[in-house]
Amino acid sequence: MISDKVRVRFAPSPTGYLHVGGLRTALFNFLFARHHGGYFILRIEDTDRTRYVPGAEENLIKTLRWTGLDYDEGPGVGGPYGPYRQSQRLDLYAEHARRLVEEGHAYYCFCTPERLEAMRQEQIRRKEPPMYDGTCRKLSRQEAEERKKAGEPYVVRLKMPRTGETVVEDIIRGKVVFQNAVVDDQVLVKSDGYPTYHLASVVDDHYMRITHVIRGEEWLPSVPKHIQLYRAFGWEVPQMAHLPLLLNPDRSKLSKRQGDVAVEDYIRKGYLPQALINFVALLGWNPGTEQEIFTLEELIQQFSLERIHKAGAVFDIQKLNWLNGYYIRQLPEDQLIAFLTPFLERAGYDVSDREKTRKIILAVYKGIDKGEDIAEAARLFYDSEVKIEEPEAREMLAQPSTRTVLETFLQKLDQVEGLDLETFKVIMKEIQQETGIKKKALWMPLRIALTGLTHGPELPLVIDIFGKAEVRRRIKYVLDTYLASNPEA
RNA sequence: GGCGCGUUCGUCUAGGGGUUUAGGACGCCGGCCUCUCACGCCGGUAACACGGGUUCGAAUCCCGUACGCGCUGCCA
């Protein structure tokens, strides 16, 4: 039984945005922690100075906040094992690297990047596995110290055992065995003094008391290096769980170029956090029931690492769209209006008339998948000119009954005060009784005259939104420009 | 090339030897609702990579092959 001391972390590199794969990793860590009443920690892995992106961390945290995955310890909220930013823990890594060298588990390496690159090329050419050739591994401690003192640039490398095997019992994959001989002498400290991921994450996971390392499958091959490090330090190895990858439609690792990968992209297009969370939770995990819709609370209750699938999962935008549309339709009216109005505004439409905007949104929201779709769906309400271009609409226009309906409607319109829903119904009923025209032949002419389209929101809603004057103007306009041949018009 | 991981409908998946004519969801197709579209509801389409074992019996266990993906960086 897992106690309430579970501590897990989401440890992203601040490269500019939150990747959806990262979101899934964060979610699973979060769910695991919450399910067991443990702690969810955010740690920023900013050890690559060449990849520094200004504002990346702030953006990452802002986006994480949007998802609702609150962390218990990390930048901004603090915690007993901070700092939670690796660039602020440099001394700790340096001290531990020194310890490794002193105890014979690592060594200084003076090989230049150029030499390393040439060596790799040669190995590839000879069809040998590209690995460090061990040149500096053979250096005596004294010689290494001298060269170091002389100011020669150096890195620290892990002295990987050349024999034996390293075994890990992964929660998701079971037993995985690696031959130590094929594991490279990984660089632990770069020549700029910064640690690499391997050293920093092991040191931090230990001092931050991480009990379960839950991360992407791409890390599985470096597990033996990490275990070696834990052993060298004499530390307990945390439980490991390597998540299946998120894939592009062509089954390669999810990346840009094949669609949006930044959570920010999805926010911008009008996806709801609950939809994205629900969707991403089902990528590689399911509770074994036929439930598809989950609140965060339900996910927390039902989540378990044991039910995570082993194979990679394609990020299927169609299912996300369905889920998002579902969540939009579930939104209470006030939230629906608040959520969609900005998208109308962004499309350049005038939303100053709150009541009209509300009616428009209510008329079209059922047919959209995401926020930005509202612009296209609501367009007919904002175009001042009725343009009839669809062949089907033109065909309808040519029907003799169309003219009859529109002209009769206009006559009756002029006899009433206002045009509320009730009045509209009465008028339609009268036209039907007087002319004998009904169903499609009766309603479609109105729809086309008002919107120029054969598809759209329910007609009563359209009438209500336009109001008497605009309805009159549109019908008159269509009669004058599209049906102008009749002298009676 | 080496090492590792994986392989059930197009996609996400259920399934732990017989209860399976392999279930659900998205998509797609058809129907109903309806002035139209959408929503909603109903129905349909579609899969155990291949080959050997083990077993009375395999999608489920074992081995192999193929294919896919990941890693192979002083990136994470």
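So you know, we letter chains A, B, ... as the sequences are listed, proteins then strands, and number each from 1. These numbers come from the heavy atoms of this one structure, side chains and all, not from hydrogens, waters or symmetry mates.
Closest to the A:Lys319 side chain, of the nucleotides B:G10, B:C35, B:G24, is B:G24. Listed candidates were B:C5, B:G2, B:U36. Nearest to the side chain of A:Val182 is B:G2. The side chain of A:Lys366 approaches B:A38 more closely than any other nucleotide in the set B:G4, B:G24, B:A38. Distances were taken from every side-chain heavy atom of A:Phe178 (C-beta onward) to each of B:A25, B:G4, B:C12; the shortest belongs to B:G4. Closest to the A:Trp322 side chain, of the nucleotides B:C35, B:A25, B:C39, is B:A25.
The main-chain N or O of A:Ala11 is never found under 3.5 Å from a side-chain atom of A:Asn29 such that the two would form a donor-acceptor pair. No donor-acceptor pair closer than 3.5 Å links the side chain of A:Ser222 to the backbone N or O of A:Lys225.
When the side-chain nitrogen and oxygen atoms of A:His309 are compared with OP1 and OP2 of B:G6, none of them lie within a distance under 4.0 Å. In this model, the phosphate group of B:C5 is not approached by any side-chain N or O of A:Lys310 to a distance below 4.0 Å at OP1 or OP2. Between B:A14 and A:Asn286, a contact under 4.0 Å exists linking OP1 or OP2 to a side-chain N or O.
The separation of B:C37 from B:G44, taken at their C1' atoms, amounts to 23 Å, rounded to a whole angstrom. B:A14 sits 14 Å from B:C61 when the P atoms are compared, rounded to a whole Å. Rounded to whole Å, the C1' atom of B:G57 lies 27 Å from the corresponding atom of B:A46. Distance noted for atom P between B:G27 and B:C69: 28 Å (whole Å).
Between A:Tyr365 atom OH and B:C37 atom P there is a gap of 19 Å when expressed in whole angstrom units. Rounded to an integer number of Å, the gap from A:Arg447 CZ to B:U34 P is 15 Å. If you measure from atom CD of A:Glu458 to atom P of B:U36, you get 11 Å, rounded to the nearest angstrom. The distance between atom CD1 of A:Ile227 and atom C1' of B:G4, rounded to the nearest whole Å, is 13 Å. As a whole-Å value, the separation of A:Arg379 CZ from B:C37 C1' is 16 Å. Spacing between atom CD of A:Glu128 and atom C1' of B:G2 amounts to 11 Å, rounded to whole angstrom units. In this structure, the CZ atom of A:Phe315 is 16 Å from the C1' atom of B:G27, given to the nearest Å.
Relative to the ring axis of A:Phe303, A:Arg307 does not place its NZ or CZ within 45° and under 6.0 Å from the centre. Cation-pi geometry between A:Arg157 and A:Tyr132 is satisfied (NZ or CZ under 6.0 Å from the ring centre, within 45° of the ring normal).
Across the strands present, B:A66 finds its partner in B:U7; the criterion is a Watson-Crick or G-U wobble pair with both atom distances under 3.5 angstrom. Under the Watson-Crick and G-U wobble criteria, each requiring two contacts below 3.5 Å, nucleotide B:A46 is left unpaired. Pairing of B:C41, defined by two Watson-Crick or G-U wobble distances under 3.5 Å, is identified with B:G31. In this structure B:C71 sits in a base pair with B:G2, meeting the Watson-Crick or G-U test at under 3.5 Å. Searching all strands for a Watson-Crick or G-U wobble partner of B:U36 with both distances below 3.5 Å returns nothing.
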Reading nucleotides 68-76 of chain B 5' to 3', which nucleotides get B (base under 4.0 Å from a protein heavy atom), which S (sugar-phosphate only), which -? -SBSSSBBB
Step by step, would you call A:Tyr327 with A:Tyr271 a ring pair (Phe, Tyr, Trp, His ring centres under 6.0 Å)? CA-CA 9 Å; A:Tyr327 278 105; A:Tyr271 287 89; over 10 Å; no
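For the residue pair A:Leu283 and A:Phe28, the shortest heavy atom distance occurs at O-CZ, 4.0 Å.
In this structure, OG1 in A:Thr63 is found 3.5 Å from CD in A:Glu264, a value given to the nearest 0.5 Å.
Residue-level contact check: A:Val177 touches the backbone only, with heavy atoms under 4.0 Å from sugar-phosphate atoms and none from bases.
Ring centers of A:Tyr194 and A:Tyr52: at least 6.0 Å apart, outside the cut-off.
At a cut-off of 3.5 angstrom, the base of B:C5 holds no donor-acceptor pair with the side chain of A:Arg173.
Of the listed residues (A:Glu152, A:Arg147, A:Arg137, A:Lys148), just one forms a side chain to side chain donor-acceptor pair (under 3.5 Å) with A:Tyr108, and that residue is A:Lys148.
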